[in-house]
Amino acid sequence: MPSALPTDLPHPRIPVDEARALVVGAAPRLAPEPVELADLAGRVLAEAVTAPHDLPHYANSAMDGFALRAAEAGPWPVAQRILAGDDPAPLAPGTCAAIATGGVLPAGADAVVPVEQAEEADGLVRALAAPVAGAHVRPVGADVRAGDVVLAAGTALGPLAAAAIAGLGLTGAACAARPRVAVLTTGDELVAPGLPLRRGQIHESNSVLVRATLERAGCEMVHVGLVPDDDAATRDAFAAALDRADLVVSTGGVSVGPRDHVKPALAALGVEELFWRIATQPGQPTWCGVAPGGALVAGLPGNPLSCLVGLHLLLVPAVRAMTGADPGPATVRAALGTPVRRLPARLRCLPMRLVDGRLEDLGAGVSHQLSRAAAATALALVPTGEGELPAGAEVDAVPLG
Ligand code: AMP
Ligand code: MG
């Protein structure tokens, strides 16, 4: 059982690190599937990629220059000209070959004299300094040897890694399936953007935040829907979502008000609670559990900045764990630009703008003030304690990407 912090709340709240360990541990691990080169960036390797052959698989020149035998005294007549793509004949003793970068080193040659260090006149090449065996030659296997691990299982692939896989001659790689996510936003007050509001209504924004954050983390959205504050409707929406998703994320309705139907609905569906309430500000009423079929369920609070905390500190790590990647969160150290008050028992999570290692306060300390947080590029994590942290104090921050 997670240890409870001292709290005046009826339900214990747990440190966010403990909460993260629980969701990461409970996240279902997804099966591998073949993925083609063009789709590799953004995926996570399920199996190590090994080199099928030495790279380079032939010795070649690192420079435009002249391939020759270093032990021979020059000058050397140019016996052949080797371009990239040619498969040259052996080099006759006492001669050299003009060679382009990447050109195959002809049999017999053991060094390249770069054009900048040579003079060519009347078909004869003179080296400005005595050539050295092995100089400017890329030997067989200098990049990787056949069988070497080039990328480990669990690597999150970017464009460069995808290109490296192509460079090995492979047409794709086995990657973890993309986590399938369903998003349910709850609230009778919510209206789709673009539609007019009457008093009491607000435009729905959490689905945009949850969707974009989790898609960037490599997930596939299988359902995004708005659920009224109604017991049966909430239960039906979760039941349908659980049928097709590895992670179901709801927003709102997870507290103890008369319109908060998320927890009773999940209990009715047999979803087992991992925890409810985390020791953060905002984000405290976050609920997480596991469905009978193994899907992870997260009931995030309705306030957008509370959602942001749950997303970055719990759910992005959970979906990364589903794919076998390091769950993170990847944090950077950064200096506070202004003094920040600490809280004795809760981690303050403040959206700020990270500029040159410095966190600029946006005045976005209140959980519903989404507009103020709009320009944030990082979530500053202000550790618990008494009093203020001064400007210049270093804290962890999660880049928001
Ligand atoms: P709740 O957690 O349902 O009590 O909601 C807390 C606050 O967040 C309320 O002011 C809601 O109107 C607001 N809220 C809930 N869901 C959303 C949403 N999808 N988009 C924007 N604001 C929301
Ligand atoms: Mg609500």
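Note that this is a predicted model, so its numbers are computed, not measured. Counting convention: from 1, in listed order, for ligands and their atoms alike. Heavy-atom basis, side chains included; hydrogens, waters and symmetry copies ignored.
Side-chain atoms of T101 and D64 include a donor-acceptor pair closer than 3.5 Å.
When heavy-atom distances to ligand 1 are checked against a 4.0 Å cut-off, L190 comes that close only through its side chain, counted from C-beta outward. Proximity of I202 to ligand 1, defined as any heavy-atom pair under 4.0 Å, is confined to the side chain (atoms from C-beta onward). Counting heavy atoms closer than 4.0 Å to ligand 1, residue N206 contributes atoms from both its backbone and its side chain.
Of all atoms in ligand 1, numbered sequentially from 1 with element shown, those under 4.0 Å from a heavy atom of T251 are 19 (N). Residue-ligand proximity, N303 to ligand 1, at heavy-atom distances under 4.0 Å covers atoms 6 (C), 7 (C), 8 (O). Annotation for ligand 1: atoms under 4.0 Å from non-hydrogen atoms of E204 are 18 (C), 19 (N), 20 (N).
For residues 34-52, the pairs satisfying salt bridge (Lys or Arg N to Asp or Glu O under 4.0 Å) are E33-R43, with sequence neighbours left out.
With hydrogens and angles ignored, the 3.5 Å screen pairs a side-chain donor or acceptor of D86 with a backbone N or O of L83.
Remark: Q201 CD is packed, more than 12 non-hydrogen atoms of other residues, nucleotides or ligands lying under 6.0 Å away.
When side chains are defined from C-beta on, F275 counts as touching V23, because their heavy atoms get closer than 4.5 Å. Contact of the L184 side chain with the V249 side chain is not registered, since no non-hydrogen atoms from C-beta on lie closer than 4.5 Å.
Some N or O of G302 is nearer than 3.5 Å to an N or O of ligand 1, by distance alone. Considering backbone and side-chain N/O of S205, one or more are found under 3.5 Å from N/O of ligand 1. Remark: ligand 1 and D260 share no N or O pair separated by less than 3.5 Å (distance only, no angle test). Remark: ligand 1 and E189 share an N or O pair separated by less than 3.5 Å (distance only, no angle test). Looking at G253 next to ligand 1, an N or O pair under 3.5 Å apart turns up.
Heavy-atom minimum distance, A142 versus P56: N-CD, 3.8 Å.
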Quick one: side chains of residues 377-397, donor-acceptor pairs under 3.5 Å with protein atoms, not counting sequence neighbours, listed by atom name and distance.
unit_1	atom_1	unit_2	atom_2	d
T377	OG1	L354	N	2.8
D396	OD1	R333	NH1	3.1

